[in-house]
Amino acid sequence: MADHDPVPESAIECALAQFHDAAERLNLDSGMREILANTKRELSVSFPVKMDDGSLKVFHGYRVHHNETRGPVKGGIRYSPAVDIDDVRALAMWMTWKCAVAKLPFGGAKGGVTVDPKALSEGELERLTRRFGSEIGMFIGPERDIPAPDVGTNAKIMAWLMDTYSMNQGYSVPASFTGKPISIGGSAGRREATGRGVFFTTQEAYRHMGLSLEDATVAVQGFGNVGSVTAKLFAAAGAKVVAVSDSGAAIYDPNGIDDIQYVIKHKQEEGRLPPEHAGDHLPKDDLLTLPVDILIPAALESQITSANANDVQAKMIVEGANGPVTCSADPILEEKGIPVIPDIVANTGGVIVSYFEWVQDMQAFFWREEEINDRLERIIKEAFQEVAAVRERDGGTYRDAAYTLAVGRVVEATEDRGIFP
Ligand code: GLU
């Protein structure tokens, strides 16, 4: 594929292509393919919100259940201007595979509202959240569908959603949403879980390849909940975090950014990376092509595409975000010998600790953070080892192996349950 000729490579096209490749490898019959290539149910809502200036504005939102064969469905709710039904379908499908790779007793779902949350006041955000929560209430419930935070949402939004659901039920239902504040049944370690999982996965991949993280150079794209925690853990483990970026800027120091804690604090307090690092700034897309040992795209989907994959110089890519490497970039990276540890393994930390949160809420019995982190480490490292074993057996990429494993598990569950009636 010529790098001056980018092909369409949207999340849904890639999600379907990745699934069909796995279906081919697993030799699935056409009926099973059709079940798994489709979403089980979809809810599309339009709803008005009273804006601060007294006007009414109509917003559009979605909740999609991809597959519930292995259990109730799980997946985040995203607030972004880029949210559309196809995006949500792709993200829901990826959740099914993630839960299967990590052997969580869940199927996959996703939701979202087409909105820029930064453009709303706190009051508008709360009214939008509560109305959206009410609109999708018929899909939600601890034994049915348990949403969580995603891009543009956070613990506070989960609290409003859990409260709205509980008010509509008439009693408190803490297990209806995960990623909540600790005060209402949130789990210790949930906020850091995705970043911590990215770190554990990379640590395990490095161990598997016989490499040491000491002094390994790392570039992290995205400095939100996932990227900032990942960067902090790499720095603490003796790796050199040389570049970080957010949606506005990138900071690069080839000797390693020595004050990651300060950068995190600045980002949390001011909402952007510290401008006094201006001397080290580089165009933010250049972060993806720096000569580093480990590149962690932890922002949004479709960042490494057929247009820039040829320029990637990293020795390994670990997908912190969902779908940051497109399906047309994958073969280019494979050709270049750059392993990609896929999202459905590397970023499962979030949903793994969401699972712990749900279990704790259902039992009304809470665990210490060390317990959470130990169990997360065990589950995510085992998932990587199982994927690596399939890759050694079958060849191909880590993504191929992860899909073979995940799709295979959902197929097995479908066959064991049988088709109703
Ligand atoms: N939104 C996160 C993800 O994409 C977490 C989902 C969850 O915890 O249910 O994996």
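In each ligand, atom 1 is the first atom listed, and ligand 1 is the first ligand listed. Position 1 is the first residue of the sequence; numbering continues from there.
The shortest N or O to N or O distance between I146 and ligand 1 is not below 3.5 Å.
The pair K103-E386 counts as a salt bridge, with a side-chain nitrogen and a carboxylate oxygen less than 4.0 angstrom apart. Between R70 and E412, none of the side-chain N atoms (NZ, or NE/NH1/NH2) sits under 4.0 Å from a carboxylate O, so this pair counts as no salt bridge. The pair R399-E319 meets the salt-bridge criterion, since a charged nitrogen lies less than 4.0 angstrom from a carboxylate oxygen.
The closest protein non-hydrogen atom to atom 10 (O) of ligand 1 is K98 NZ, 2.6 Å. For atom 7 (C) of ligand 1, the closest heavy atom belonging to the protein is A148 CB, 3.3 Å. In terms of protein heavy atoms, atom 1 (N) of ligand 1 is closest to D150 OD1, 2.7 Å. Counting protein heavy atoms only, atom 8 (O) of ligand 1 is closest to S354 OG, 2.6 Å. With hydrogens left out, the protein atom closest to atom 9 (O) of ligand 1 is K74 NZ, 2.9 Å, a heavy atom.
Residue contacts with ligand 1: P149 is included, with a non-hydrogen atom under 4.0 Å away.
If you look at N322 next to ligand 1, the close heavy atoms, those under 4.0 Å, all belong to the side chain. The residue P147 has no part lying near ligand 1, judged by heavy-atom distances below 4.0 Å. Contacts between M158 and ligand 1, counted as non-hydrogen atom pairs separated by less than 4.0 Å, are absent for every part of the residue.
Proximity of the aromatic rings of F19 and Y403 is defined here by a centroid distance below 6.0 angstrom, and this criterion is not met.
In this structure, E377 contributes its side chain and F200 its backbone to no donor-acceptor pair below 3.5 Å.
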Should F59 and F132 be marked as a ring pair (Phe, Tyr, Trp, His ring centres under 6.0 Å) after you check the CA-CA gap, both sets of side-chain angles, and the distance that decides it? CA-CA 9 Å; F59 290 89; F132 176 62; over 10 Å; no
Go through it in stages, so that I can follow the logic: the residues are N168 and S134, the test is side chain to side chain donor-acceptor pair (under 3.5 Å), and I'd like the CA-CA distance, side-chain angles, deciding distance and then a yes or no. CA-CA 8 Å; N168 286 337; S134 246; 2.9 Å; yes
Salt bridge (charged side-chain N to carboxylate O under 4.0 Å, His left out) for E135 and R131? Distances and angles first, verdict last. CA-CA 6 Å; E135 295 284 347; R131 179 64 189 252; 2.8 Å; yes
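Proximity to G76 (heavy-atom distance under 4.0 Å) selects the following atoms of ligand 1: 1 (N), 6 (C). Below 4.0 Å from some heavy atom of R190 lie the following atoms of ligand 1, by number and element: 5 (C), 8 (O). Using a 4.0 Å cut-off to heavy atoms of K110, the atoms of ligand 1 that qualify are 1 (N), 3 (C), 4 (O). In the vicinity of G350, heavy-atom distances shorter than 4.0 Å reach the ligand 1 atoms 8 (O). Distances below 4.0 Å separate heavy atoms of M95 from the following atoms of ligand 1: 3 (C), 4 (O), 6 (C), 10 (O).
E214 CD: more than 12 foreign heavy atoms inside a 6.0 Å radius.
Between F139 and H65, the ring planes are tilted. Angles from 30° to 60° get that label.
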